[in-house]
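Quick caveat: nothing in here was measured; it's all calculated off a predicted structure. Start at 1 with the first residue, then count along the sequence.
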Amino acid sequence: MTDNTTTGPALNLPEELILMLLNEQTGYFHQVAGWDLNCAVAGAVLAELSLRSRIDTDLETLTLLDGTPTGDAAIDPILEEIAAEPESHDAQFWVERLAAQAEGIIDRTLDRLVEMGIIEHHAGDFWTLSGAFHEGAAQEFIKTRVTKALFTDEIPDPRDILVISLVDTCGVFRFIFELDEATEERIAEICRMDLIARSIAAAVEHNIASPLLRRPTLTKKIPAVSLRDLVFNRELREGRLPAGFAALAEKYGPVFEIRLPFRKNIIVLAGVKTNEWAHRMGRVFLRSKEYFEGVDKAYGVSRSVHSTDGADHFRFRKSLHTAYSRKTLTRRLDDVYDLARTHMANWEVGAEMPAQEMLRPFLNAQSSPLLANIDTQDEIIDALEYKVRVLNVGIVKTMPRFMLNTPSMRRRAKVTQRIIDRMQRTHSAGQQAGKHQDVVDAYLALHSSDPQFLPETDLPLPLGAILMTAMYMGDQTGFALYWLMQDPELYARVTAEADALWADGDPTEENFTRERIDVTHRVLMETLRMSPIVPMSMRTVTNSCVVEGYELPVGSQLMIAQTAAHYSEEAFPDPWTFDIDRYAPPRNEHLGRGYAPYGLGTHSCLGTHWADLHITINLLMLTHYFKIELARPFERMPMDALPSQSPSNKIKFRLAERRHELPPAP
């Protein structure tokens, strides 16, 4: 490949186009409609093949010159397809035909840019230029070249003409630069300089302009679920929402509507392909504001990380990324061990404890000090009960609003506010000197850097949300323990991993390799498949769109039941069997959008890597220090479905034996 940079690696045209379209303020591309972007990417591939003398094209015909592979994995399959076509066609034909493959080309392009260290991938499928390239090569090898071409009289080289032509067809130059009439004329002049650029741009523009190609003909009516199928769905009645929605999808298809008395109709997406659509396109067509505004109102805030989308949501995530990272957790492993052991030292052998009452305080004993540098054990139960009520009123809407104003809830709201006030008081510069930076520090730093973006009035909800960590991770740990106890052999394998890790004292970060915690981590992965804490999410359709041939009208209330795919034979053969070998080669069933325990797209869980490791460590410590049994067996696991899936307190764990010594109880 010809070196098209002065200081950076050689890039092909699809890569340069993606870099030009990348908007660092939002962490995604400048808004280009899906079909438009696909056509532009297809045009970029054809342009790259032309630059490499594999094809020639004019306004009427595209001709193959050389079918020899280029060695570029992103464009060689396209070259092979052109070479295999027996008839001659024009560029417009090929743009239309290749547009369907553009999403795969975009994915490979993004992966390669990450591998080269040019961009960084963030949770939620956001991208930014990597730190090493912010001031140098990345700007030089594309944006600086384009700027020079647009704002000087120099004649650009053919590659830059092609890039400018492709970006112009996407209609986003006005979002990248401040344009006046002279600059707009300069862009038009550059686009006319090269015959190849003109022919490919014309082909892209024609396909973009064709309404029949932009969206399929709408022929399917969204099926409505019968009341009988809702009422007699055993999985929904017993709280197994993923399995319940999977059963409905099997009968009605991946898009269906639920009609409930006195409630707005809900359109449900449930399947692997709808997961793929929601992950990739949700940011364009859906909004979370309406879903979370009830929670925002309960805490008296104008907005939160959960109720924002686009650039504001990305800014929240960037500011919190480090605080929720796996690396931040591994720096405090000694604290994790000490906090967990201190809490377990109060447990008595022979005691039977309900799942939630045992594990939520256990996880809170660790998460509050780790995330907020305070101890909330004395008030966490009241704070969690208030937050659960807020979720049931504001999001799930199973309770009327006045249920937040009962005397007991007003008291618990005051408890929550006391904890939030304590978080802020203990995070002054003097109080935090010499201590680890935590999530509260991250929020306060964001407030300090831009009080308009995150004012003091909007701090209560994010600080209060920290308390929910104990509930979510405690319940997920409870699910994992339950599943382990259904298989004594698997329980023994996890215990063996734990004993090996602690054989020579407390394990360090280097000890938590994939190999040494393999079984325990795969137990957690399968638990997340069969019993995910948050099985679905609600959104509002803000731009009309088509999913699997069904039109979603503007204003529709949408439920993305992303974990319904967990019980799909298509994604997970024999889905009712707890099988950790799903996640080992050659099966690797978790790869792809069928596996979505932490959500999809821009609102996927920010603390995924932290939670994965923290829950895994707790499973290992629990089995290392105790032999734990079910107080009594169940034919089917009893569950609470709302506001999140939780193991029912009917499940009681018995501490049958203390296997290793713990420090004396304080």
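- Between Val45 and the choices Ile75, Asp72, Leu13, the side chain to side chain contact (heavy atoms under 4.5 Å, CB included) rule is met once, by Ile75.
- At distances below 3.5 Å, at least one donor-acceptor pair connects side-chain atoms of Ser288 with backbone N or O atoms of His306.
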* **Leu46 and Thr57: CA distance, side-chain angles, deciding distance, side-chain contact (heavy atoms from CB on, under 4.5 Å) verdict** => CA-CA 9 Å; Leu46 295 178; Thr57 185; over 6 Å; no

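- Using a 4.5 Å heavy-atom cutoff, the side chains of Val146 and Phe177 are in contact.
- Proximity of Ile267 to Val541: side-chain heavy atoms (C-beta onward) are nowhere separated by under 4.5 Å.
- The two atoms that bring Gly43 and Leu166 nearest to each other are C-CD2, 4.0 Å, heavy atoms only.
- Shown are Leu600, Asp107, Asp125; of these, the side chain to side chain contact (heavy atoms under 4.5 Å, CB included) with Arg280 is made only by Asp107.
- The minimum heavy-atom distance linking Gln562 with Val534 is given by the pair NE2-O, 3.4 Å.
- For the atom pair Leu98 CG and Ile105 CD1, the distance stands at 6.5 Å (nearest 0.5 Å).
- Using modelled atom types, one side-chain atom of Ser449 and one backbone atom of Ala445 make a donor-acceptor pair closer than 3.5 Å.
- More than 12 heavy-atom neighbours from other residues, nucleotides or ligands sit within 6.0 angstrom of CD on Glu184.
- Between Tyr595 and His590, the angle of the ring planes goes over 60°, which puts this pair in the perpendicular group of the 30/60° scheme.
- Atom CD of residue Glu81 and atom CD of residue Gln101 lie 4.5 Å apart, to the nearest 0.5 angstrom.
- In this structure the side chain of Phe314 never reaches within 4.5 angstrom of the side chain of Thr602, judged on heavy atoms.
- Here the options are Asp296, Thr308, Asp312, Asp458, the test is side-chain hydrogen bond (donor to acceptor under 3.5 Å, both in side chains), and the partner is Arg303; only Asp312 passes.
- Taking the charged nitrogens against the carboxylate oxygens, Glu185 and Arg192 do have a contact shorter than 4.0 Å, which makes a salt bridge.
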* What do the steps show when you test Thr109 against Val41 for side-chain contact (heavy atoms from CB on, under 4.5 Å), and what is the final call? -> CA-CA 10 Å; Thr109 297; Val41 169; over 6 Å; no

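- Atom CD in Glu115 sits 6.5 Å away from atom CG in Asp111 (nearest 0.5 Å).
- For Asn543 against Val284, the heavy-atom pair with the smallest separation is ND2-O, 2.8 Å.
- Donor-acceptor pairing under 3.5 Å is lacking for the side chains of Ser165 and Asp168.
- Between Ile82 and Ile78, some side-chain heavy-atom pair lies under the 4.5 Å cut-off.
- A donor-acceptor pair under 3.5 Å is absent between the side-chain atoms of Thr540 and the main chain of Gln557, judged by distance alone.
- In this structure, the side chains of Arg331 and Lys327 come closer than 4.5 Å at one or more pairs of heavy atoms.
- Taken to the nearest 0.5 Å, the OH atom of Tyr443 stands 10.5 Å off from the CE atom of Met423.
- Contact annotation: the side chain of Leu461 never approaches that of Val305 to less than 4.5 Å [non-hydrogen atoms, C-beta and beyond].
- Side-chain contact between Val295 and Ser304: absent, with no pair of heavy atoms (C-beta onward) separated by less than 4.5 Å.
- In this structure, the side chain of Asn23 does not engage the main chain of Tyr28 through any donor-acceptor pair within 3.5 Å.
- Salt bridge Arg108/Glu15: absent, no basic N to carboxylate O contact under 4.0 Å.
- Remark: Leu591 CG is packed, more than 12 non-hydrogen atoms of other residues, nucleotides or ligands lying under 6.0 Å away.
- Around the NZ atom of Lys297, the shell of radius 6.0 Å holds no more than 12 heavy atoms that belong to other residues, nucleotides or ligands.
- In plain terms, the two heavy atoms of Arg52 and Glu48 that are nearest each other are NE-OE2, 2.7 Å.
- Checking side-chain atoms of Ser325 against main-chain N and O of Thr322 turns up a donor-acceptor pair under 3.5 Å.
- Few gaps surround NE2 on His121; more than 12 heavy atoms of other groups in view lie less than 6.0 Å from it.
- For His447 (side chain) and Leu454 (main-chain N/O), a donor-acceptor pair under 3.5 Å exists by modelled atom type.
- Partner of Asp309 under the side-chain hydrogen bond (donor to acceptor under 3.5 Å, both in side chains) criterion, chosen from Arg287, His603, Arg539: His603.
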* Asked: Does the side-chain contact (heavy atoms from CB on, under 4.5 Å) test come out yes or no for Asp66 and Ser53, once each step is laid out?
  -> CA-CA 7 Å; Asp66 181 359; Ser53 301; over 6 Å; no

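- With contacts defined as side-chain heavy-atom distances shorter than 4.5 Å, the pair Phe316/Pro462 does not qualify.
- Not a single donor-acceptor pair under 3.5 Å links the side chain of Thr328 to the backbone N or O of Tyr324.
- Contact detail for Ile164 and Phe173: the closest heavy-atom pair is O-CE1, 3.4 Å.
- Within 6.0 Å of CD in Glu181 there are 12 or fewer heavy atoms belonging to other residues, nucleotides or ligands.
- Between Met468 atom CE and Leu391 atom CG the span is 5.0 Å, to the nearest 0.5 Å.
- The neighbour count for His122 NE2, taken as heavy atoms of other residues, nucleotides or ligands under 6.0 Å away, is above 12.
- What you find for Gly253 and Phe256 is that their closest heavy atoms are O-CD2, 3.3 Å.
- Scored by the side chain to side chain contact (heavy atoms under 4.5 Å, CB included) test, Ala565 finds Val272, Asn275 as partners (sequence neighbours excluded).
- His89 contributes atom NE2, which lies 11.0 Å from atom CD of Glu96 (distance to the nearest 0.5 angstrom).
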* Asked: Yes or no on side-chain contact (heavy atoms from CB on, under 4.5 Å) for Leu329 and His609, after CA distance, side-chain angles and deciding distance?
  -> CA-CA 9 Å; Leu329 177 64; His609 300 300; over 6 Å; no

